[in-house]
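Let me begin by presenting the structure, written as structure tokens, before commenting on it.
What's counted below: heavy atoms across the whole structure, side chains too, no hydrogens, waters or symmetry copies. Every value quoted in this text rests on a predicted model; they were computed, and no experiment measured them. Atoms within each ligand, like the ligands themselves, are counted from 1 in listed order.
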Amino acid sequence: MNEDEILSVGIADLPNQRHKIVSRNGAALTLMLCGESGLGKTTFCNTLFSTSIKPHMDIETRRSKHMEKSVEIEITKAELEEKNFHLRLTMIDTPGFGDFINNTGCWESILEFIEDQHESYMRQDQQPDRTKIIDMRIHACLYFLRPVRNGLRPMDLEAMKRLCKRVNLIPVIAKSDMYTRRDLAMYKTRIAQVLDYHQVNIYKPSIDEGDPVFQRQIQGIISAMPFAIVSSEDDIRTTDGRVVKGRKYPWGIVEVESEEHCDFKQLRNLLIRSCMLDLIQRTEDIIYEEYRQEQMQVRQYGEPKLRTIDNTKFKEEEENLRRRFTEQVRQEEARFRQWEQRLIAERDNLNKDLEAQHVQIKQLELEIERLKLNSSSRKR
Ligand SMILES: Nc1nc2c(ncn2[C@@H]2O[C@H](COP(=O)(O)OP(=O)(O)OP(=O)(O)O)[C@@H](O)[C@H]2O)c(=O)[nH]1
């Protein structure tokens, strides 16, 4: 054995062994895309992995989905490989989210889906055989925002308040090439302030104490939050001859990967480079654990989850149904009362007729009696 071989045995080689195991096994990453239709979720997904993972929705389907007025869950799976590292990717899209005039409670079905994945894992974990566990717990939810003057739309704030408790939440300002630099800086500050004020706990990568290069990278990612991104699946040739992913305008080219133009690169670093493991570990060790502990406090081991009727949409429907039912009962009662009064009036009329006929009969009887008396007195 030479000196190098001796050094590569034992504790000092643990990181290499770990690296080999992780490379061999690969990783499974589940990402959720949330945000109203047309904000560029599909384009982002395809730009992120430089391949057409998700097909674009055609206009007709998009229109019919709008008519259905429901939030759907759409799952796309893909296997990616880079430098012998396998990534089993699951993308979860939420078509219909925030697309209607009344968006009250539209986050409920998404929240329920996220919780169902924790629940499903917990139940499988309680089984004797845990070799075939299907784990669909979501490691990060990218929330696509369309900023407004005061930062966030109330619906986005309400949705994020709830989602941040169950998933690593990453707010993203979509289509940032639509805003001027000054507006974008203002939106970023306001969104951060609003989220902070309302204690919306968005994902912040943990800073590794040891490695200064890694620390700088993470600092860069944190300072870019909330990310303002531009996505594009098109290759554009720049004036200096480079071919880049970008969007071409009469006034110039927006390069997706340029840190001068947007934060796409920082977000990509976070998701699939520097912080992928942190996202997965935080989901398993903190978010899932919190869910498990909460559930274990309110139910017995193995007992099914209690479905509380706190779905705002259901509550609204229930309230409408109750109102309609009360109104119908009120109308039926009024109709019945009218009918009853008509019957009473008819009965009174009949009684009056009867009375009149009775009087007539009595008069006729008296007449007969009188005639009988007259005829008998005449005979005598
Ligand atoms: N200006 C600009 N346009 C973008 C950007 N990203 C996507 N788009 C365009 O926006 C349109 C909608 O993009 P999609 O990716 O289909 O949006 P989506 O959120 O997936 O929409 P749904 O499929 O309806 O949920 C397309 O024409 C894209 O080319 C961006 O960063 N900037």
So that I can tick it off, tell me whether K165 and E290 are bridged by a salt bridge, with the cut-off set at under 4.0 angstrom between side-chain N and carboxylate O. no

Kindly confirm or rule out an N or O of G40 lying under 3.5 angstrom from an N or O of ligand 1. yes

Do NZ/NE/NH1/NH2 and the carboxylate oxygens of K245 and D235 come within less than 4.0 Å? yes

Within 4.0 Å of some non-hydrogen atom of S231, the atoms of ligand 1 are 5 (C), 6 (N), 30 (C), 31 (O)

Cation-aromatic face contact R137/Y288, 6.0 Å, 45 degrees: yes

Salt-bridge test for R162 and E115: reply yes if a basic N is under 4.0 Å from a carboxylate O, no otherwise. no

In terms of side-chain heavy atoms, does Q215 have a donor or acceptor partner in Q219 at a distance below 3.5 Å? no

Considering only heavy atoms from C-beta outward, does the side chain of M178 approach that of L184 to under 4.5 Å? no

Judged by non-hydrogen atoms, does F264 sit under 4.0 Å from ligand 1? no

Please confirm whether V230 comes within less than 3.5 Å of ligand 1 when only nitrogen or oxygen atoms on both sides are compared. no

Need the ligand 1 atom indices (1-based, order shown) with element for anything under 4.0 Å from a heavy-atom of K41. 15 (O), 17 (O), 18 (P), 19 (O), 20 (O), 25 (O)

What do you reckon, does K175 have a nitrogen or oxygen under 3.5 Å from a nitrogen or oxygen of ligand 1? yes

Can you check whether R247 has an N/O within less than 3.5 Å of an N/O in ligand 1? yes

What atoms of ligand 1 come closer than 4.0 angstrom to any heavy atom of Y249? 1 (N)

Return yes or no for this condition: an N or O of D177 is under 3.5 Å from an N or O of ligand 1. yes

Does any part of the side chain of L33, heavy atoms only, come nearer than 4.5 Å to the side chain of T94, both counted from C-beta? no

